[in-house]
Amino acid sequence: MIVSRGIRKSFGTKEVLRGVDLEIPTEQSLVIIGQSGCGKSVFLKHLVGLLDPDAGEILVDGERISNAKRMDAYRIRMKFGVLFQSAALFDSMSVSENISLGLIEHTKMTRGEMDKRVAECLEMVSLSGTQRLFPAELSGGMRKRVGLARAIALKPQYILYDEPTTGLDPITAESINDLIIELNRELKVTSVTVTHDMVSAFKIADRIVMLHLGQVIFSGTVADVINSEVEMVRRFISGESEDKAVVTHY
Amino acid sequence: MTKFVVDAANVALSPAQEFGRKLLVSVAEVGRFGILMARTFSEMGAVFSRGSSFIKECVRLGVDSLPLVILVGAFTGMVTGWQLRYQLEGYLPFEMIGPGVFKSIVLEMGPVLTGLVIAGRVAASIAAELGTMKVTEQIDALESMAISSTRYLAVPRIAAMTLMMPVLVAQANFVGIIGAWFVCTFFLTMTTQQFFSLIPNFFYVYDVMAGLLKSLFFGLSCSMIGCYVGFNTTGGAEGVGSATIQAFVWSSISVLFLDFVLAMILF
């Protein structure tokens, strides 16, 4: 279980997170939605300890990761797999090397065992046989899949997805959504997905949380979102801009 | 309804406040640089556990810089030989050109010019490489995999450059002296005997070692600055470009500054 208590974060004079309180129960698929710049990705980086809050704390299975000592943070991070928005594959490494990096650093697997695990992970993301390719040779969707294969290589308890479908065509985005659902089900992981793609959010979420101006303004199931009376939520799911909303209310 | 927002960034500061702000920012930068240094030294053991990375960086940053270093060394030696002849004419015998070239190259020109070459080639390339990794979230990806970016990326580069720098300077020194000999014997009617005859009289092992010691610090500072600037790159392609320039400028300044400080300590 991940618990966020009063997370506040500023960059210079800009306050991005203004006290985020959230509980993410084990094996739940939580989706965080919100407008661009509302602090979703910043919050996600706090969950894995890549950013430390100015105030508040993140607890992972009862252990504090925020402002933790580096070695403690690394130990807790072993529980996480992260899929970055741009996939963040190491471009000087092949697909196989990208996926096996974590295994080399954190396990005592033999070369053969690692190759087997890499093949398993690639099979899970339907990219068998791509071990020797380099990131530059992959399409956007393939990169995300390899990023996902890398994220699950160490069998994490928590998977964080940062905009997993952004920049993908609808068919590829749909296949990534299916993949996320399948992985959540098969690996029994807790997942946190940051997105502003409502199709994706409705498909993969057990619970949806909306961040607005650095605060949680809504939390509920997909049905709750659809029936929500919160103006910001209604506007967000219908894609209505603020100006249009003002005109509508006249 | 009109909202009045006070943006602290746009509030005009008095000159004294602006000076104070810049001072604080500089102190924070120095602090962050110190933290990177401390982390690098504390994780230096990774050189042994990640030997292949270290050797790869020695080749990439050191051996691959050799042609440029040799070129710079050769021309420096040739110019030094030629100009010493002009400067000594009428004051000292031409036999003094050999010791003059030897001293100036070994003590100063070899280490400093090689340091500046490395600032341009290596520090800038490290900053560009790590900067690109930073803006494309590859460094975040490493850290999220519980892999220390300092240990994985900085340590092999810094250790390799620090170790390779004296090797490069030794080559530059050698080629520089040969370059001066070439100019003196082919263009200035000196014999090989004349050029080398007085060098043993002025040869001190300490001079050579002091020059190489200086180069060790130059290698350390250039690679450390390249890593620091790379790790702190922000923005996209423009940020990477700016990081490359910053790394070159700061590492060049560091070479010149360290040269002065070490000269005062060593001589």
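Side-chain atoms are counted along with the backbone in the values below, which use heavy atoms only and exclude waters and symmetry mates. This is a predicted model, so every value here is computed, not measured. Just so we're on the same page: letters track the sequence lines, and every chain starts at 1.
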Under 6.0 Å from the [atom1] atom of [X], do we count more than 12 heavy atoms belonging to anything else shown?
X: A:E123; atom1: CD; value: no
X: A:R111; atom1: CZ; value: yes
X: B:F54; atom1: CZ; value: yes
X: A:F11; atom1: CZ; value: yes
X: B:F217; atom1: CZ; value: no

### Positions in residues 85-107 of chain A that reach chain B, provided some heavy atom is under 4.5 Å away
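Counting heavy atoms that sit under 4.5 Å from chain B, the residues of residues 85-107 of chain A involved are A:Q85, A:S86, A:A88, A:L89, A:F90, A:D91, A:M93, A:N98, A:L101, A:G102, A:E105, A:H106.
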### Message
I need the contact set between residues 151-161 of chain A and chain B: heavy-atom distance under 4.5 Å, sorted by residue number.
### Response
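The list, in residue order, is empty: none.
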### Query
What is the distance from atom CG of A:L44 to atom OG of B:S144, rounded to the nearest 0.5 Å?
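That separation rounds to 10.0 Å.
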### Message
Is the shortest side-chain heavy-atom distance between B:M145 and A:F80 below 4.5 Å?
### Response
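A side-chain contact is absent here, since even the closest heavy-atom pair is not under 4.5 Å.
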### Task
Tell me, for A:R150 versus chain B, whether the close heavy atoms (under 4.5 Å) come from the side chain, the backbone, both or neither.
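Contact with chain B is through the side chain of A:R150 alone.
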### Task
Heavy-atom distances under 4.5 Å only: say whether A:K14 touches chain B with side chain, backbone, both or neither.
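Contact with chain B involves no heavy atom of A:K14 at all.
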### Query
Considering heavy atoms only, which positions within residues 121-138 of chain B lie below 4.5 Å of chain A?
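Counting heavy atoms that sit under 4.5 Å from chain A, the residues of residues 121-138 of chain B involved are B:M133, B:T136, B:E137, B:Q138.
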### Task
With a 4.5 angstrom heavy-atom cut-off, could you sort out which part of B:I139 is near chain A: side chain, backbone, both or neither?
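For B:I139, no heavy atom lies under 4.5 Å from chain A.
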### Task
Only counting residues at least two apart or in another chain, list the ones meeting side chain to side chain donor-acceptor pair (under 3.5 Å) with A:Q215.
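Partners of A:Q215 under the side chain to side chain donor-acceptor pair (under 3.5 Å) test: none.
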